[in-house]
Amino acid sequence: GENVEQHPSTLSVQEGDSAVIKCTYSDSASNYFPWYKQELGKGPQLIIDIRSNVGEKKDQRIAVTLNKTAKHFSLHITETQPEDSAVYFCAASYQGGSEKLVFGKGTKLTVNP
Amino acid sequence: KAGVTQTPRYLIKTRGQQVTLSCSPISGHRSVSWYQQTPGQGLQFLFEYFSETQRNKGNFPGRFSGRQFSNSRSEMNVSTLELGDSALYLCASNPYGGSGANVLTFGAGSRLTVL
């Protein structure tokens, strides 16, 4: 069935380093791939997304890449800052007339000052 | 512009009781989805409503139900609560009604504890 796998589950980096989180999905019909950041006590917040007709998208220090052939996509954060510490979720959209997202299990990112 | 508002933020219930959670989407958004978040299972889709109609339902028992009103506000209900229903229940709204962009904006959630 529909499945999104996310790695690693935890990631610790030094301030200023880069962080990379990877996800794979199972349904080749997926065409929308968002990334969410969740801070303690808050709901997930969309930070970047990519659609299947695009291979890469950047927004300042954040970038997402998509490889449809291999069915995987990745989040890249450069020049990490302590405020980037949070749980990050990838998701894939299995469109069928509804707005259902299937989420990965999350990556807890810790940026050490 | 106000975000997605969920009430109550926290609640404690006992096994066997029922609970109703409320969600007010962003003004103008017509699609509302609900997700359950637990440490073990992560974020799982419950159901999605558009124009007062349930368009999709996740793999949850019939104790979980929902509805949407004409003003797009939504409620979800869980009856005969079990310990395993303890979770953060998240509501998300979406401006697109059809097979569109799936761009969800989440509320802060309602944290339910079942004792």
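Throughout, a chain's letter reflects where its sequence line sits, starting with A, and its residues are numbered from 1. For clarity, every value in this text was computed on a predicted model and none was experimentally measured.
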How would you list all residue pairs meeting salt bridge (charged side-chain N to carboxylate O under 4.0 Å, His left out) that involve residues 60-75 of chain B, not counting sequence neighbours? B:R63-B:E82, B:R63-B:D85, B:R67-B:E75, B:R73-B:E75
Atom group of A:K105 that falls short of 4.5 Å from chain B, counting heavy atoms: side chain
Are B:Q41 and B:T38 close enough that a side-chain donor and a side-chain acceptor fall under 3.5 Å? no
Evaluate side chain to side chain donor-acceptor pair (under 3.5 Å) for B:E48 paired with B:S31, printing each intermediate quantity in order. CA-CA 7 Å; B:E48 187 243 344; B:S31 170; 2.6 Å; yes
Segment of B:Q44 engaging chain A (4.5 angstrom heavy-atom cut-off): neither
Part of B:R111 within contact of chain A (heavy atom distance under 4.5 Å): neither
Return the orientation label for the B:F45 and B:Y35 ring planes: parallel under 30°, perpendicular over 60°, tilted otherwise. perpendicular
Could you tell me which portion of A:Q45 (side chain, backbone, both or neither) has an atom closer than 4.5 angstrom to a non-hydrogen atom of chain B? neither
Going by the disulfide bond (SG atoms under 2.5 Å apart) test, which pairs reach into residues 13-93 of chain B, not counting sequence neighbours? B:C23-B:C91
Considering only heavy atoms, which portion of B:L43 lies under 4.5 Å from any heavy atom of chain A: side chain, backbone, both, or neither? both
